[in-house]
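To keep things clear, I will list the structure first and then write my remarks on it.
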2 protein chains.
Amino acid sequence: MRLVIARCSVDYAGRLAAHLPLATRLLMVKGDGSLLVHSDGGSYKPLNWMSPPCTLTTLEPDDDQRAAGIVELWKVVHQKTADQLIVSIHEVLHDSSHELGIDPGLQKDGVEAHLQKLLAEQIELLGDGHRLVRREYMTAIGPVDILATDASGASVAVELKRRGDIDGVEQLTRYLELMNRDPHLAPVTGVFAAQEIKPQARTLAEDRGIRCLVLDYDAMRGVDDGHSRLF
Amino acid sequence: MRLVIARCSVDYAGRLAAHLPLATRLLMVKGDGSLLVHSDGGSYKPLNWMSPPCTLTTLEPDDDQRAAGIVELWKVVHQKTADQLIVSIHEVLHDSSHELGIDPGLQKDGVEAHLQKLLAEQIELLGDGHRLVRREYMTAIGPVDILATDASGASVAVELKRRGDIDGVEQLTRYLELMNRDPHLAPVTGVFAAQEIKPQARTLAEDRGIRCLVLDYDAMRGVDDGHSRLF
DNA sequence: ACCTCCATGTCGGAC
DNA sequence: GTCCGACGTGGAGGT
């Protein structure tokens, strides 16, 4: 990885056109030739970047560019989309290279998959008498997160989200529409379960007869593994 | 901005839990105290990070940690969510600080707004006899991108996307459902216009009687400003 | 390779 | 402030 601090301007042409006026920034060149342009603020997203696979070439500035103060030009071109990023460097303030090696990668825990596993184990959270049929119940248009039956034996399709948004309600609606055409399953009711449900999503869901269920992840994890919270 | 290359392991606890095993990485500390952990590959997203507003504190490792090879501990805590990131540093290979100043920011050009402007100007792309009523026609559930009338004078609602996905069809469907309840507007037909329309989105749209229209951004820009393509 | 959906999404605008 | 939709969304996982 090469780290360059430079006064530079940047131009991107690709899916859109964008320009960064002259200022001091960090240019991070990764081992695969990809480039990130970071300022000293904002969040993790760079001001501008080129994703791999791409190639970085250094150009000599022509006379006009040199007269404008440009001492070095970087051209980064994406190998498939032909998107390009031009970095016009006016002054290099720092330049260092470092050998990092291959990263073992991130280990995650606590995403939707985990929530699904917990809800499947604690299916009675849907209401008394509910039983799990199966997780990831496959339909023609994709898997329903959880299929269960209620106390009367009727089918219940559960759409699970960390944050319950309108998209999730639409997704569940499509599943319900399809499943209710299947005489083996119909009638199927819907439950929209999430750690947090946005008001508009709740309104839309209830308008369509879909029940909303707010899940307490910490409590569910606590039931699953009591000692993990005692520290 | 401070740049540190270090052998380190990282633990995140917040919306989920995540762990990075010991390896050599870049630690980027921004002026606002936020931290990015980058490897020498992947794309622009860091392996792990903490967004502002947050505070970074350096801790002394205890005896056990020191015996495990940890020479420095960084603790970054988000000020609102209390999410935290712990960086256990085993070896510092590089450490430099740089004054970047405030960035003037990115100037963008060519997104959906531009496409909307062009389609409004070239409304006949919808079909002969079409006339623009207005852009961003406001309804109770949000603005319809373009409202027009067809040759017979009937209303046409246009949903515009760069990439035409199922989401966009659902959005337009909600608008049409609402607008068709308004006797002043009904009957309203729908047009789903995008630079690229995904097959499943097209199927869903046509199944609902929504017409699909693929837009050629370059051609539309060419009509709008002929000289801009002659270079 | 295409298509789908998740994301510690992030970001900007409207209300 | 909250809510909502766009994004150069990126990335993983299934068909």
Side-chain angles (χ1 to χ4, degrees), chain A residues 12-18 34 42-52 54 78 80-85 105-106 108-116 136 138-145 159-163 165-168 170-171 174-175 194-204, chain B residues 10-18 34 36-37 42-52 54 76 78 80-85 105-106 108-113 115-116 136 138 141-143 145 159-163 165-168 170-171 174 194-196 198-203:
Chain A
Y12 166 75
R15 278 168 280 191
L16 56 71
S34 60
S43 72
Y44 73 67
K45 192 176 178 178
L47 291 164
N48 223 326
W49 72 94
M50 186 59 70
S51 313
C54 63
H78 196 275
K80 289 164 71 173
T81 61
D83 286 18
Q84 49 175 273
L85 201 63
L106 188 66
K108 287 188 182 185
D109 174 37
V111 273
E112 186 189 315
H114 194 199
L115 206 58
Q116 186 188 109
E136 300 288 346
M138 205 58 204
T139 74
I141 55 172
V144 175
D145 289 336
E159 177 63 33
L160 200 59
K161 291 278 182 242
R162 204 176 52 71
R163 273 179 42 198
D165 232 323
I166 278 186
D167 282 4
E170 298 288 10
Q171 196 178 340
R174 289 196 297 274
Y175 287 136
Q195 283 184 261
E196 177 199 353
I197 294 179
K198 290 292 172 72
Q200 296 225 354
R202 176 180 291 273
T203 303
L204 183 64
Chain B
V10 183
D11 287 276
Y12 167 73
R15 278 167 281 190
L16 56 69
S34 61
L36 317 189
V37 181
S43 70
Y44 70 69
K45 191 175 179 179
L47 292 165
N48 221 324
W49 71 94
M50 186 60 70
S51 312
C54 62
V76 193
H78 196 275
K80 290 165 70 175
T81 62
D83 286 17
Q84 50 174 279
L85 200 63
L106 188 67
K108 287 188 184 184
D109 175 37
V111 274
E112 185 187 316
L115 206 58
Q116 186 188 110
E136 301 286 346
M138 206 58 203
I141 55 171
D145 289 336
E159 176 64 33
L160 200 58
K161 292 279 181 246
R162 201 180 55 72
R163 272 178 43 195
D165 232 324
I166 280 186
D167 283 3
E170 299 287 12
Q171 196 178 340
R174 289 197 296 274
Q195 281 184 266
E196 177 201 354
K198 290 292 172 73
Q200 297 231 353
R202 176 180 292 274
T203 303

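Naming: A, B, ... by sequence-line order, numbering from 1 per chain.
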Mind calculating the distance between [atom1] ([X]) and [atom2] ([N]) to the nearest angstrom?
X	N	atom1	atom2	result
B:Leu115	D:dA6	CG	C1'	13 Å
A:Lys198	D:dC3	NZ	P	6 Å
B:Arg163	C:dC2	CZ	C1'	12 Å
A:Glu170	C:dC5	CD	C1'	15 Å
B:Gln116	D:dA6	CD	P	11 Å
A:His114	C:dA7	NE2	C1'	18 Å
A:Asp165	D:dC3	CG	P	11 Å
A:Asn48	D:dC7	CG	P	16 Å

Of C:dC5, D:dA6, D:dG8, the nucleotide closest to the side chain of A:Tyr175 is C:dC5
Between A:Pro143 and B:Met50, which is nearer to the 5' end of DNA chain C once each is assigned its nearest nucleotide? A:Pro143
Return whichever of A:Lys80 or B:Ala201 has its heavy-atom-nearest nucleotide of DNA chain C closer to the 5' end. A:Lys80
If you measure from CD1 on A:Ile166 to CD on B:Glu170, what distance do you get to the nearest 0.5 Å? 10.5 Å
Just checking B:Gln84: base, sugar-phosphate only, or nothing, at a heavy-atom cut-off of under 4.0 Å? nothing
Applying a 4.0 Å non-hydrogen cut-off, can you work out what B:Ser51 is touching in the nucleic acid: base, sugar-phosphate, or nothing? sugar-phosphate
Pairing residues for A:Asp83 by the side-chain contact (heavy atoms from CB on, under 4.5 Å) criterion, not counting sequence neighbours: A:Tyr12, A:Arg15, A:Met50, A:His78, A:Thr81
Residues in side-chain contact (heavy atoms from CB on, under 4.5 Å) contact with A:Lys45, at least two apart in sequence or another chain: A:Trp49, B:Tyr44
Looking only at heavy atoms, the pair that brings A:Asn48 and A:Leu85 closest together is OD1-CD1, 3.5 Å
Nearest-nucleotide check on DNA chain D, A:Glu196 vs A:Trp49; residue mapping nearer the 5' end is A:Glu196
Whichever of B:Leu106 and A:Ile166 has its nearest DNA chain D nucleotide further upstream toward 5': A:Ile166
For [X], enumerate each residue passing the side-chain hydrogen bond (donor to acceptor under 3.5 Å, both in side chains) test, keeping only those at least two apart in sequence or located in another chain.
X	value
B:Asp167	none
B:Gln171	B:Lys161
A:Gln84	none

Every protein N/O lying under 3.5 Å from an N/O of nucleotides 11-15 of chain C:
| residue | atom | partner | partner atom | Å |
| --- | --- | --- | --- | --- |
| C:dC11 | OP1 | A:Ser43 | OG | 2.8 |
| C:dC11 | OP2 | A:Ser43 | OG | 2.9 |

Below 4.0 Å: OP1/OP2 of D:dA6 and any side-chain N or O of A:Arg15: no
